[in-house]
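In what follows, a structure is listed as structure tokens, so that the remarks can point back to it.
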Amino acid sequence: MSGSLLIRAARVVGVERREPVDIGIARGRIFALESSAAGRPKRAADEELDAEGLLVAPGYIDLQINGAAGHDLTADPTAIWAVGEALPRYGVTAFLPTIVTSPREVVEAARRTLLGGPPPGYAGARPLGLHIEGPFIAVERIGAHDPGHRRDPDPAFLAGWSREAGVGMVTLAPELPGALELIGELARRRIVASIGHTAATSAQARAAFDAGARFVTHLFNAMPGLDRRDPGPVGAALADGRVTVGLIPDGLHVDPSVVGVAWRAAGAARFAAVTDAIAALGMAPGAYRLGTMDVVVDVASARLPNGRLAGSIISLDAAVRNVRAFTGATGAEAVGTVTATPARLLGLAPARGVVREGGAADLTVLSPELEVVATVVGGRIVYRAEPG
């Protein structure tokens, strides 16, 4: 983007400065972080944002989101840009549109939509590549996925996939036949391999990490629990310094006290908060879809008719506030779970995930309570909260 923006007198999350700073932005990049000392002349800019008393964080990144604003990305893969436009109000500047277990043509439709680029005048979060969750998942850990589309690993399913070709992450069960070879191939293509919806033992999970898997999709959910004799994928992941764990901190998928346990075991650098939000994000309670599955949404949760959780309705900014509340993390540490940690996992640091000169001008402006005040994507203000 060619315009310029000046954010005045903000405190920057994760930057060791005692005084507020001015942030100069041009052509989608941060070109200056300067003290906003009194008496210094104003820098000219096309647009200004007064951030006195506010915090400026790197733009939030959601690694797992199935839909928003009434749009389900598996039922309608062409809705990527509509979902992206709904996300800046939650501080999200980038995301992995998530396609759950479905036929390959659904994934290919999503890839075409992403690679075709945004519509004219687009003002939303940037998709960083698809998160393909399934179809290579365990029957006994199917969750809210359609069992009719589940299948064993098949290298042909990956034809044409790479980071550059629109795929950022693939979730699969590592115990399935051929899964370890598939994980290695994903790693060679710079696609993050994640284990999830799995019945794996700890030994099978460790084999997946040795093969190149570097993420766990919604830790604790759709996988065996932590056992003292076989710690399963949960224990294997928390014990492995190479692995980042994703958690849904909505207070329903994982008890708050257990979120705290995972936080202390993984450490801030390996803990990524995700939403796993469905089309009901930002919408009223009612009937929605997750792929081919019917989902009933009330004021707190999204569930299949049988009562099983089916994604969430939490926003990423609320997830950050919950991480702080559940774990005792500082505000900066909680913000890092949706900024620095996912950026490192995706190989995008240091251009993303931190506020730095020369970095991408994707920023989330927050109140001291971590409420979203404004969201900047590519140097352009795409969301401002209503005054008050």
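In this structure, the side chains of Phe31 and Glu357 stay at 4.5 Å or more apart for every pair of heavy atoms. Proximity of Arg384 to Leu49: side-chain heavy atoms (C-beta onward) are separated by under 4.5 Å at one or more points. In this structure the side chain of Leu370 reaches within 4.5 angstrom of the side chain of Leu55, judged on heavy atoms. Under the 4.5 Å side-chain criterion, counting only non-hydrogen atoms from C-beta, Val382 is not in contact with Glu85. Here the side chains of Ile80 and Phe95 are in contact, with some heavy-atom distance below 4.5 Å. Taking 4.5 Å as the limit, some side-chain heavy atom of Ile132 sits within range of a side-chain heavy atom of Trp161. The shortest distance between side-chain heavy atoms of Val216 and Phe209 falls below 4.5 Å. The shortest distance between side-chain heavy atoms of Leu226 and Val261 does not fall below 4.5 Å.
A distance of 12.5 Å separates CG of Leu176 from CG of Asp154, quoted to the nearest 0.5 Å. Considering CZ of Arg303 and CG of Leu252, their distance stands at 6.5 Å, rounded to 0.5 Å. The distance from the CG atom of Leu73 to the CG atom of Leu290 is 10.0 Å, given to the nearest 0.5 Å.
A pairwise comparison of heavy atoms in Tyr60 and Thr364 identifies N-OG1, 3.4 Å as the closest pair. Of all heavy-atom pairs between Val354 and Pro58, the closest is CA-CG, 3.6 Å. A pairwise comparison of heavy atoms in Ile191 and Val167 identifies CG1-O, 3.5 Å as the closest pair. Listed here is the closest heavy atom pair of Ala273 and Val323: CB-CG2, 4.0 Å. Taking both residues in full, the closest heavy atoms of Leu219 and Val254 are given as O-CG2, 3.8 Å, listed atom of the first, atom of the second, then distance. Shortest non-hydrogen contact noted between Val274 and Gln64 is CG2-OE1, 3.8 Å.
With 3.5 Å as the limit, one finds no donor-acceptor pair spanning the side chains of Asp250 and Ser312. For the residue pair Asn66/Asp276, the side-chain donor-acceptor check at 3.5 Å is satisfied. Counting only N and O atoms by type, the side chains of Glu175 and Thr198 include a donor and acceptor under 3.5 Å apart.
Grouping the Ile, Leu, Val, Met, Phe, Trp and Tyr side chains by contacts below 4.5 angstrom, directly or via other members, places Trp81 with Ile99. Leu114 and Leu186 end up in the same hydrophobic cluster when Ile, Leu, Val, Met, Phe, Trp and Tyr side chains are linked at under 4.5 Å. Hydrophobic cluster membership differs between Leu281 and Leu96, with clusters built from Ile, Leu, Val, Met, Phe, Trp and Tyr side chains linked at under 4.5 angstrom.
Ionic pairing of Arg321 and Asp317 is present here: one or more N-O contacts between side-chain nitrogen and carboxylate oxygen are shorter than 4.0 angstrom. Salt-bridge annotation for Arg189 and Glu185: present, with a side-chain N of the basic residue lying under 4.0 Å from a carboxylate O of the acidic one. Electrostatic pairing of Asp230 and Arg228 does not count as a salt bridge here, judged by no charged N lying under 4.0 Å from a carboxylate O. In summary, Asp362 and Arg352 engage in a salt bridge, as defined by a charged side-chain N under 4.0 Å from a carboxylate O. Salt bridge absent: Arg380 and Asp46 never bring a charged side-chain N and a carboxylate O closer than 4.0 Å. Under a 4.0 Å N-O distance rule, the pair Arg8/Asp22 qualifies as a salt bridge.
For Arg89, the CZ atom sits in a loose shell: 12 or fewer heavy atoms of surrounding residues, nucleotides or ligands are nearer than 6.0 Å.
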Applying side chain to side chain contact (heavy atoms under 4.5 Å, CB included) to Ile61 and Leu128, what does each step give before you reach the verdict? CA-CA 9 Å; Ile61 302 170; Leu128 299 176; 4.1 Å; yes

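Using a 30° and 60° split on the angle between ring planes, His145 and His197 fall in the tilted class, from 30° to 60°.
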